Amino acid sequence: QAMACARTSPALAEPDVQLHFLPLSYDITPEVECAASANMTREPTISITANVCHPFSRGAVRLRSADAAQMPIVRHQLLGDERDAKTLVEACKLMEKLFGTRAMKGTVVSDRAPSPRPQSDADWERYVRDHAMVCYHPVGTCRMGSDEASVVDPRLAVRGLQGLRVIDASVMPSLISANTNAPTIMIGERGADFILEKVAA
């Protein structure tokens with residue numbers, strides 16, 4: 001398994017997609033909502049998948065009722081912004097180029113999915129919208145900021161409540177360019193510092 005950050009256009013200042021190289025593949029159908037529920041294929045395969053580093057799409061988390069035992073409603077709005085769909089179309093074309101390299105041609109004998117390959121941007125977008133799903137690094141449901149619309153302040157304290165902090169990836173105002181593990185550890189350590197400072201005071 002390997003990962004790489006890449007630019008779908010040379011004109012971009014920084015990578016806009018993260019590529020995941022896997023020694024396996026999944027059957028992703030429009031009904032599959034999460035990778036955990038997808039079936040792994042039986043024949044030997046390799047796959048490349050992509051996610052948008054800085055998505056424009058914004059979802060929402062809403063309370064179902066005043067009953068705290070009720071699970072909230074999560075509306076992810078995946079590809080709700082056309083720019084994210086276009087980025088993934090370009091990522092698919094980049095993956096197509098990677099599979100066409102000499103190293104890959106010596107290993108890959110045929111396409112498994114999509115098959116046949118889309119021949120236009122419109123066809124690629126249909127494929128992306130039918131096969132995109134939620135992955136592993138959700139952030140931002142309790143955005144940190146200095147404005148009144150933010151959920152927590154820069155010291156991770158929930159606005160309008162005493163003694164409550166949120167200290168995890170949900171405070172990130174936006175998604176970073178790579179995996180969220182290391183920055184989330186940093187947020188946890190910084191949050192611990194804030195709590196210790198409060199106790200010491």
Side-chain angles (χ1 to χ4, degrees), residues 3 5 15-20 22 25-40 47 49-92 113 124-191 194:
M3 283 183 262
C5 289
D16 58 339
V17 294
Q18 186 178 17
L19 301 178
H20 309 262
L22 301 170
S25 63
Y26 296 96
D27 280 323
I28 306 300
T29 63
E31 296 76 35
V32 173
E33 296 179 349
C34 173
S37 63
N39 292 320
M40 197 181 308
S47 58
T49 62
N51 64 271
V52 180
C53 287
H54 300 286
F56 292 96
S57 302
R58 293 291 180 266
V61 178
R62 299 278 184 262
L63 296 178
R64 193 176 298 274
S65 72
D67 181 1
Q70 293 288 319
M71 295 295 290
I73 299 168
V74 179
R75 294 195 175 96
H76 55 68
Q77 287 298 305
L78 192 64
L79 303 181
D81 191 296
E82 188 68 24
R83 291 171 289 185
D84 294 337
K86 290 188 182 310
T87 296
L88 286 179
V89 165
E90 293 305 313
C92 286
W124 271 119
E125 183 168 344
R126 262 190 301 278
Y127 178 80
V128 164
R129 290 190 178 279
D130 284 346
H131 294 83
M133 61 184 172
V134 176
C135 201
Y136 304 116
H137 305 286
V139 304
T141 52
C142 297
R143 179 175 66 85
M144 175 182 64
S146 300
D147 59 296
E148 291 301 317
S150 59
V151 178
V152 299
D153 66 21
R155 296 181 68 82
L156 309 180
V158 176
R159 295 181 180 280
L161 293 173
Q162 292 293 320
L164 180 63
R165 294 178 196 264
V166 176
I167 305 175
D168 59 26
S170 60
V171 305
M172 294 181 186
S174 60
L175 193 60
I176 61 168
S177 294
N179 292 13
T180 55
N181 181 50
T184 303
I185 292 170
M186 182 274 297
I187 291 168
E189 291 179 349
R190 192 73 178 115
F194 291 149

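The structure displayed is predicted, hence computed values, not measured ones.
With rounding to the nearest 0.5 Å, the separation of CD in E148 from CG in D153 is 10.5 Å. From M133, atom CE reaches atom CG of L79 across 12.0 Å, with rounding to the nearest 0.5 Å. With values rounded to the nearest 0.5 angstrom, R129 atom CZ is found 9.0 Å from L78 atom CG. For the atom pair E125 CD and C92 SG, the distance stands at 10.5 Å (nearest 0.5 Å).
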For residues 176-183, which side-chain N or O atoms pair as donor and acceptor with protein atoms under 3.5 Å away, sequence neighbours left out?
from	atom 1	to	atom 2	distance (Å)
S177	OG	H54	NE2	2.7
N179	OD1	Q18	NE2	2.9
T180	OG1	H137	ND1	3.0

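Closest approach of S57 to D84, counting heavy atoms only: OG-OD2, 2.6 Å. Taking all atoms of both residues into account, the shortest heavy-atom contact from G188 to I167 is CA-CG2, 3.5 Å. Minimum interatomic distance between G145 and P154 (heavy atoms only, all atoms of both residues): O-CD, 3.5 Å. In this structure, V166 and V171 approach most closely via the heavy-atom pair O-CG1, 3.3 Å. The minimum heavy-atom distance between P72 and V61, with the atom names listed, is CB-CG1, 3.9 Å. Residue A50 comes nearest to A91 through the heavy atom pair CB-CB, 3.9 Å, listed as atom of the first residue, atom of the second, then distance.
Atom CZ of R62 has 12 or fewer neighbouring heavy atoms from other residues, nucleotides or ligands inside a 6.0 Å radius.
The main-chain N or O of V152 is never found under 3.5 Å from a side-chain atom of R155 such that the two would form a donor-acceptor pair. The backbone N or O of D168 sits nowhere less than 3.5 Å from a side-chain atom of T184 that would complete a donor-acceptor pair. Within the 3.5 Å criterion, the main-chain N or O of M71 finds a donor-acceptor partner in the side chain of R64.
Using a 4.5 Å cut-off on side-chain heavy atoms (C-beta onward), I28 and T49 make no contact.
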Run L156 and I187 through side chain to side chain contact (heavy atoms under 4.5 Å, CB included) and show every step you take. CA-CA 9 Å; L156 309 180; I187 291 168; 4.2 Å; yes
Checking side chain to side chain contact (heavy atoms under 4.5 Å, CB included) for the pair S150/D147: CA distance, chi angles, key distance, verdict? CA-CA 6 Å; S150 59; D147 59 296; 3.8 Å; yes
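Not counting sequence neighbours, D67 has no partner by the side-chain hydrogen bond (donor to acceptor under 3.5 Å, both in side chains) test.
The residues E90 and R83 are annotated as not salt-bridged, no charged nitrogen and carboxylate oxygen being separated by less than 4.0 angstrom.
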